[in-house]
Amino acid sequence: MTGRVLLLGGTGEARRLAQRLVDDGVPVVSSLAGRVADPLLPPGEVRVGGFGGAAGLAAWLSGHPVAAVVDATHPFAAGMTANAAEAASVTGVPLLRLQRPGWTPQPGDDWRWVDSLAEAADAVAGFAHAFVTTGRQGLAAFAGVTAHCVVRSVDPPDPPVPARTTVVLARGPFTVEEERALLTEHGIDVVVTKDSGGHMTEAKLTAARELSIPVVLVRRPPVPVGVPVVATVDEARDWVAARV
Ligand code: NAP
């Protein structure tokens with residue numbers, strides 16, 4: 001296969017798709033936001049840093065012709081996803097959204113859905129020890145929470161953070177045993193997460209179910225209208241193969 005592909009990344013799916021495209025002989029340039037100090041790098045060419053909004057991405061696409069763009073950013077990277085949709089529309093470059101399915105509750109789960117991090121912070125009221133796994137960037141939403149918050153992130157969070165915070169620096173995947181031990185050690189009585197989906201971080205949901213701990217889940221932002229969506233790396237690879 002020939003033709004260059006821009007792969008908007010920062011996820012395990014993006015790294016796996018980059019590997020598939022490299023194996024197929026498709027030139028791929030992966031784009032990372034540059035938020036993580038020591039990112040896991042995909043195979044192939046990598047660029048780091050924002051494009052400068054939708055207009056910046058459109059300009060980049062004009063200066064670096066590609067056969068297609070795959071937006072494999074995280075389900076909650078709504079800004080980048082919106083910019084990709086707008087830039088693709090302006091430039092006419094085909095765009096695909098690769099997004100893993102969200103989680104579905106199992107028997108025994110006590111899940112409480114909310115629409116935003118602010119609502120998640122409200123939902124924590126009345127609990128004593130919250131395990132907050134929504135990422136360090138959204139932590140400001142929890143700044144007013146009175147519960148003791150165990151916060152897990154890859155890099156240390158910047159202030160503002162909840163008044164009583166314990167930071168656990170770690171990068172997934174995590175086992176159910178590890179998650180159960182963490183929940184037990186800190187006396188956690190509520191877990192807070194985004195509906196990220198996937199296997200890398202779902203063990204906390206299993207551990208919460210086993211320990212009968214409620215989980216507050218933040219719903220995903222919608223995908224921009226008109227952008228085709230696939231759920232798997234295989235489907236994305238086939239979509240690319242049809243265009244390069
Ligand atoms: P976001 O809010 O949607 O994006 C904010 C800005 O960051 C974008 O407008 C863009 O800047 C830049 N950006 C984001 N992703 C980029 C990429 N792959 N390549 C180049 N620039 C990018 O994004 P976010 O939620 O902060 O996520 C940032 C990165 O972390 C993404 O790559 C995402 O896949 C990854 N990630 C996010 C989460 C999460 O929960 N949000 C979790 C795990 C990993 P310009 O406007 O200047 O182009």
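Counting starts at 1 for both ligands and their atoms, following the listed order. On a predicted model such as this, the values are computed, not experimentally measured, just so you know. All values below were derived from every heavy atom in this structure, side-chain atoms included, with hydrogens, water molecules and symmetry-related copies excluded.
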**Report entry** NZ or CZ of R152 within 45° of F174 ring axis and under 6.0 Å
**Finding:** yes
**Report entry** side-chain hydrogen bond (donor to acceptor under 3.5 Å, both in side chains) evaluation trace for E86 with S89
**Finding:** CA-CA 5 Å; E86 191 177 333; S89 161; over 6 Å; no
**Report entry** Side-chain heavy atoms of V240 within contact of V70, under 4.5 Å
**Finding:** yes
Query raised in the report: Does a side chain donor of either D71 or T73 reach within less than 3.5 Å of an acceptor in the other side chain?
Result: yes
Query raised in the report: Can R209 and Q106 be counted as having a side-chain donor-acceptor contact under 3.5 angstrom?
Result: no
**Report entry** Summary of ring pair (Phe, Tyr, Trp, His ring centres under 6.0 Å) pairs that have at least one residue in residues 184-225, sequence neighbours excluded
**Finding:** none
Nitrogen or oxygen contacts under 3.5 Å, ligand 1 side and protein side:
residue  : atom   : partner : partner atom : Å
ligand 1 : 3 (O)  : A77     : O            : 3.1
ligand 1 : 3 (O)  : A78     : N            : 3.4
ligand 1 : 3 (O)  : G79     : N            : 2.9
ligand 1 : 3 (O)  : M80     : N            : 2.8
ligand 1 : 7 (O)  : R35     : NH2          : 2.7
ligand 1 : 9 (O)  : N83     : ND2          : 3.2
ligand 1 : 18 (N) : G9      : O            : 3.4
ligand 1 : 18 (N) : S31     : O            : 3.0
ligand 1 : 19 (N) : S31     : OG           : 2.7
ligand 1 : 26 (O) : R35     : NH1          : 2.3
ligand 1 : 26 (O) : Q137    : OE1          : 3.2
ligand 1 : 32 (O) : G9      : O            : 2.7
ligand 1 : 34 (O) : G9      : O            : 3.0
ligand 1 : 34 (O) : H74     : N            : 2.9
ligand 1 : 40 (O) : H74     : ND1          : 3.3
ligand 1 : 40 (O) : K194    : NZ           : 2.7
ligand 1 : 46 (O) : G53     : N            : 2.9
ligand 1 : 46 (O) : N83     : ND2          : 3.4
ligand 1 : 47 (O) : F51     : N            : 3.3
ligand 1 : 47 (O) : G52     : N            : 2.8
ligand 1 : 48 (O) : F51     : N            : 2.6
ligand 1 : 48 (O) : G52     : N            : 3.2

